[in-house]
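Because the structure is predicted, anything quoted here is derived from the model rather than measured. In what follows, chains carry the letters A, B, and so on, assigned in the order in which the sequence lines appear, proteins first and then strands, with residues in each chain numbered from 1.
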Number of protein chains: 2
Amino acid sequence: MPAATDKTSARRPKGELARERLKAAAVAVLERVGYHQLRIKDVTAEAGVAAGLFHHYYSDLQSLVEEILDEYIAEFEATGHIERDVSKGDWFNRLRSHYEVAVCKHAEHPGIMNCISQFCADDPAFRARWQASYNRRLQLLADVFPYVFPHSELAAHEVRLMVHALSGIGQDVLRERYIERNPDLLSLQLSEAELAEWLAALFYRGLFARNPPQGQLNHARKILSLTR
Amino acid sequence: MPAATDKTSARRPKGELARERLKAAAVAVLERVGYHQLRIKDVTAEAGVAAGLFHHYYSDLQSLVEEILDEYIAEFEATGHIERDVSKGDWFNRLRSHYEVAVCKHAEHPGIMNCISQFCADDPAFRARWQASYNRRLQLLADVFPYVFPHSELAAHEVRLMVHALSGIGQDVLRERYIERNPDLLSLQLSEAELAEWLAALFYRGLFARNPPQGQLNHARKILSLTR
DNA sequence: ATTGATCTTGAATCCAAATTCAATAATAAT
DNA sequence: ATTATTATTGAATTTGGATTCAAGATCAAT
């Protein structure tokens, strides 16, 4: 009897393969029709197997999607360590590298990024994990706050509010551009690096109340003209 | 024969009343269990009527929810004209008043604000309307950009990108605090006015690359200590 | 080459929820 | 008071899809 959620439900190479094919098929269908339209029979059809096989490997759609998203998040976190390239006090490039990851993820897998937020709404446990992952990244910035602003009068939770609020910069833009494909945002033909730089520059201004160092701007130099 | 989507399906005061009661019931259930868990029988039960009556007034749940959200958005837009209180060049208070509306809406009706974003995912036509409403508000700021920054070198679509990106400030915070009730953000006991001021101050910094005028800060004065 | 396990199929079944509808009650019009 | 219209009920039906399962195919082991 198959305890379908259990990974060991595939006990042979062939089984493992089928499992993977189901997963890949689900990703494909996900990108095509979105999470809310995802149906088991679509996944099995895409994978070229009988409908019944699904339940041999997964108990339900949720557990399959959960597995997909968890793997994606893990990959996301690994990429997150691009920060290591950045020299210690170089805040602008640190922000930029974070945004580069975010932009790339949206560009590569808009369907999955969208799925993450939709799945969060249905599965509190997953939501907690995703949020924890997000918080870990925010905390990287919150932790160094005292060094960045020696004269800061903010309490720890005020720092978190601030970082959290600023982190919203660009979230909606990324969703609109890559997920919803809003023509308004597609019209300006920015490369991913350019977009990341714009967003990093805005974050920098919000964080430091000044412009980023001119020398580090490659694409968004125009933003320096916004002062009075 | 009832063309149920048609508003005239209620042809007597009593009918109109029942319609309204269904709508109110749906809002209540929505706030309680969320859009994805919303069921017709829950709505009718909440309204204290038979299940079948639902289809006398609405063709399906979507059209009921759509009606609720459209009305809410209309109300939202009306409130948006708080701007009129603000004197011409007073950018900080203009931002603040926008944030006050946003914060209040989230505080009053977290379930509906959440529903809006979920409904957008399922109904492209509604999504277009919501986005148009959102864009109208963004455009208020984009339109005055040339006056705010006479030396701006940005093209119109770059201005829109910038305004759009900055408008993300706080969106996630509002969702986390009022919709998800994230303890991390509930722990700091900010009033709605205080939160709005913090967010406005951050937006102001991103927009102008400087701090808001000290005299206009009532609650978030600490933010001035963040400079180097 | 026989055995027992795993893999695969697809039709049959189940299920939750939407939807219909015939019957009854309330209301307005004359 | 009669009639026509609208409002309301709730049991019966339909729907869309998940889930089960008996039966056959494949495979590894001995």
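You'll find the ring centres of H36(A) and H36(B) inside the 6.0 Å limit.
The side chain of H56(A) sits closest to dT8(C) out of dA7(D), dT8(C), dA17(C). For R12(B), taking side-chain heavy atoms from C-beta onward, the closest of the listed nucleotides dA18(D), dT6(D), dT19(C) is dT6(D). Listed nucleotides: dT26(D), dT19(C), dT19(D). Nearest to the side chain of D60(A): dT19(D).
Side-chain contact of E194(A) with S191(A): a donor-acceptor pair under 3.5 Å is present, judged by distance alone.
The phosphate of dG17(D) has OP1 or OP2 within less than 4.0 Å of a side-chain N or O from R39(A).
Sequence order on DNA chain D of the closest nucleotides to K14(A) and L38(A) puts L38(A) first from the 5' end.
With hydrogens and angles disregarded, a donor-acceptor distance shorter than 3.5 Å links the side chain of R21(B) to the backbone of A47(B). With hydrogens and angles disregarded, no donor-acceptor distance shorter than 3.5 Å links the side chain of R127(B) to the backbone of C120(B). Under the 3.5 Å distance criterion, the side-chain polar atoms of R177(A) are left unmatched by any main-chain donor or acceptor of N182(A).
Here the side chains of N135(B) and Q139(B) are not in contact, with every heavy-atom distance at 4.5 Å or above.
Residues from residues 41-53 of chain B with heavy atoms under 4.0 angstrom of DNA chain C, sorted by number: K41(B), G52(B).
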